[in-house]
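Report on the structure given below.
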Amino acid sequence: FYYDFEFPEPVGEEALERLEAEVRREIEEGRQWERFDVSRDEARERFLAEEEPYKVELVDSVEGDISLYKQGDFVDLCRGPHLQDSKPLKAVKLLSLAGAYWRGDENRPQLTRVYGTAFYDPKDLEAYLHRIEEAKRRDHRRLGKDLDLFEFSEVTPGMPFWHPRGMVIWNVLEDLRRRENAKRGYSEVRTPLLYESELWRTSGHWEKYQEHMFRVEVEGRDFALKPMNCPGHCLLYSLSPHSYRELPLRLAEAGNLHRNELSGVLHGLLRVRHFVQDDAHVYCTTEQIHDELLACLDYAYYLYDLFELDMRVELSLRPDNKLGTDEEWDFAEAELRRALATQGLEYVESEGEGSFYGPKIDLHMADSLGRSWQLGTVQLDLQMPKRFGLTYQGDDNVEHTPAMIHRALLGSLERFVGIYLEHTGGDLPLVLAPEQVRVLPVSERFAADAESLADDLRVHGFRALVDEREETLGRRIRDAELAKIPFVVVWGERESLEALAVRRRGGEQATVGWEALLSELQAAAKL
RNA sequence: GCCGACGUAGCUCAGCUGGUAGAGCACUUCACUCGUAAUGAAGGGGUCCCCGGUUCGAGUCCGGGCGUCGGCUCCA
């Protein structure tokens, strides 16, 4: 609802508290809101008289008649519907203050936005706040600390330090990437981290993104760390001549990328300044575009299915600052739509959200608080190859310009791990669990046996450790549970290889033989 | 970058109106040799984010910076 409030200066938490008290008081006293429609001119005149330039602007930008709502003497714009009476409101909480640019434009003034929520039942408010608290326990930044996966340092903001346990996850993903790339006809390449600014001018990134690049001056020459792999790949392509027989040429590289993101947007692993994408660029003929797009989407969904992820699909169309002609964009957008249709994917279209060199299919997932993050992307680019003068010799003995598909499927590995931690709440499947099995000797007497059991597991390729600390069994069970270890094997007087005491994450217990345990682990560890 | 909040031990946090720092967990040592989510005792550990100012004296007050969190904008 709208509320007329003189904001105390300075705007801050104290103001928020005062506002909340005021709102509570008014609601308790009871307020009514009444709707009435007026013509645009009438609305305009009213807000002009009130010296409300923002409201005048809103009136001017709306089509047709205007609906207003009235509370006592206070009248404001509202498209409606609007609550008519405050009586049913039983719980109100103002959550936070934030600056928000007027009409979402950073070049315009910033107004103070108040976030709040209201419920018909105080219990619902409590439940809502509880849900937010719960979500915080799934926060990947929390889990990264608790599970000893990664951390950050003030000395290099936005650049993760991966701990040994985090690297286990990383390497599993990296192995998967290598294996599937090999299967799907990609060639692995490796390109430099630093390039002279000349390269970025050629690609067009310099003009748009130079403030966001890490620049290095060496002996009077201006270098920049690569913020993406594509120009390097184009450069690589251009270094030797190509025949149509080589196409499609699929170049893959999990290169280290640096982007100097604005300090205010950094967010754990989900938005970082140093990251690695499971990146690849496919150079192909026009005729090959469709099949290559399909192969990319197929590959992407193969990965998402492995991890049981539901992606939101967005088709991002030509932006204002696009390179190339409308005809090229018509063609590229149509190709992406056709691929999505063939693949049978539901998607929403986003005008103006495409990259400057081409439209893209973006694959999004939500974090624990419902915020949406882009993971995968498949982009069709007809511009970079031209800018880099890339060619291939056709069967007609004439030089042609190839098309280029940019694709990252998990997206950045950092972001993928972050989102996946939130998705699973840290209960990683066996394949990704840094420590898969923990063996607990009941007492010191059984330590040697426990160690040899863990050894056997390691020989079979599992990540198994023994917790030999002189702590009670209960204590070590608890620690294993908190560390979210998928399998705990207790070894003592009563156990033998025929009868192992196996506890699964969550508390379920069973007695199983060695062979059975091994085959269960092997089945679960397959990716 | 912008708006708001926050920054104290490895972690989570307490520290009232300025008098030079504390808890729980973790860690170390000792005792216990243990049966499915916390055994007990003792001990070590701090540039109170950084720089400057006010003051006899600053974790505490003021200014600037850095970082983090929630939004906004951005995301090649």
Side-chain angles (χ1 to χ4, degrees), chain A residues 10-16 95-115 132 136 139 141-142 145-146 148 151-158 200 203-213 226-231 257 259-268 270-273 277 316 319 321 323 353-358 360 362 369 371 373-374 377 379 381 384 406 412 415 440-447 469-483 488-495 501-504 506-509:
Chain A
V11 173
E13 197 159 80
E14 205 178 307
L16 191 70
L95 299 166
S96 65
L97 286 175
Y101 297 106
W102 173 241
R103 311 206 86 179
D105 184 344
E106 68 176 322
N107 298 312
R108 306 203 57 183
Q110 200 169 45
L111 309 186
T112 299
R113 180 178 290 174
V114 181
Y115 287 85
I132 293 180
K136 281 188 190 149
D139 189 312
R141 294 165 294 193
R142 175 80 264 143
K145 247 182 202 134
D146 290 347
D148 193 18
E151 69 186 314
F152 291 88
S153 162
E154 289 197 3
V155 179
T156 175
W200 310 112
S203 69
H205 289 97
W206 192 255
E207 195 190 343
K208 197 170 174 219
Y209 296 109
Q210 58 172 301
E211 316 78 64
H212 297 300
M213 288 194 222
K226 66 176 171 186
M228 81 286 298
N229 295 304
C230 23
L257 308 179
R259 296 181 184 180
N260 191 14
E261 303 287 7
L262 291 176
S263 58
V265 306
L266 298 178
H267 185 101
L270 301 186
R271 191 77 181 270
V272 288
R273 289 190 173 140
Q277 289 176 325
S316 299
N321 63 353
L323 300 175
E353 292 298 309
S355 169
F356 69 91
Y357 50 70
K360 45 192 189 130
D362 291 328
L369 286 174
R371 294 171 291 212
W373 298 88
Q374 181 197 305
T377 185
Q379 318 175 344
D381 175 4
M384 291 276 187
H406 307 236
S412 95
R415 181 176 288 182
L440 306 184
V442 168
S443 70
E444 215 178 306
R445 291 191 288 142
F446 305 102
R469 287 177 304 158
E470 296 178 28
E471 296 285 351
T472 59
L473 184 65
R475 171 49 180 274
R476 285 174 295 157
I477 297 271
R478 176 183 153 82
D479 288 345
E481 200 66 57
L482 289 174
V488 171
V489 178
V490 175
W491 182 270
E493 201 93 53
R494 303 177 204 155
E495 281 70 33
V502 175
R503 180 193 162 103
R504 291 175 180 80
E508 186 199 327
Q509 290 172 49

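Residue numbers begin at 1 in each chain, while the letters A, B, ... track the order of the sequences.
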On the 0 to 90° scale, with breaks at 30° and 60°, tag the A:Phe356-A:His205 ring pair as parallel, tilted or perpendicular.
->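 Because their plane-to-plane angle is over 60°, the rings of A:Phe356 and A:His205 count as perpendicular.
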To the nearest Å, how far apart are [X] [atom1] and [N] [atom2]?
X        : N      : atom1 : atom2 : result
A:Trp491 : B:rC34 : CH2   : P     : 17 Å
A:Glu470 : B:rC32 : CD    : C1'   : 9 Å
A:Arg108 : B:rC3  : CZ    : P     : 18 Å
A:Glu471 : B:rG35 : CD    : C1'   : 15 Å
A:Asn107 : B:rG1  : CG    : C1'   : 12 Å
A:Leu16  : B:rC6  : CG    : P     : 12 Å

Separation of the [atom1] atoms in [N] and [M], to the nearest angstrom:
N      : M      : atom1 : result
B:rG46 : B:rG4  : P     : 36 Å
B:rC25 : B:rU68 : P     : 31 Å
B:rG65 : B:rU20 : C1'   : 25 Å
B:rG52 : B:rG40 : P     : 46 Å
B:rC6  : B:rC62 : P     : 11 Å
B:rA14 : B:rC49 : P     : 14 Å

Please classify the nucleic acid contact of [X] as base, sugar-phosphate, or nothing, using heavy-atom distances under 4.0 Å.
X        : answer
A:Ala480 : nothing
A:Glu495 : base
A:Gly474 : sugar-phosphate

Report the distance from atom CG of A:Leu369 to atom NZ of A:Lys136, rounding to the nearest 0.5 Å.
->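 One finds 8.0 Å between CG of A:Leu369 and NZ of A:Lys136.
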How do A:Glu481 and A:Arg469 order along RNA chain B: which one's closest nucleotide is nearer the 5' end?
->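 That would be A:Arg469.
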Encode nucleotides 63-76 of chain B as B, S and - characters from 5' to 3', where the letter depends on protein heavy atoms closer than 4.0 Å: B to the base, S only to sugar-phosphate, - to neither.
-> ----SSSBBBBBBB
How would you list, by chain and number, every residue that makes a salt bridge (charged side-chain N to carboxylate O under 4.0 Å, His left out) with A:Asp146, sequence neighbours excluded?
->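 Checked A:Asp146 against salt bridge (charged side-chain N to carboxylate O under 4.0 Å, His left out); matches are A:Arg142.
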Any donor-acceptor pair under 3.5 Å from A:Arg113 side chain to A:Tyr101 backbone |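 Not at all, since once roles are kept as given, no pair shorter than 3.5 Å links the two residues.
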With respect to the phosphate group of B:rG35, does any side-chain polar atom (N or O) of A:Arg476 fall under 4.0 Å of OP1 or OP2?
->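 So the side-chain polar atoms of A:Arg476 never come under 4.0 Å of the phosphate oxygens OP1 or OP2 of B:rG35.
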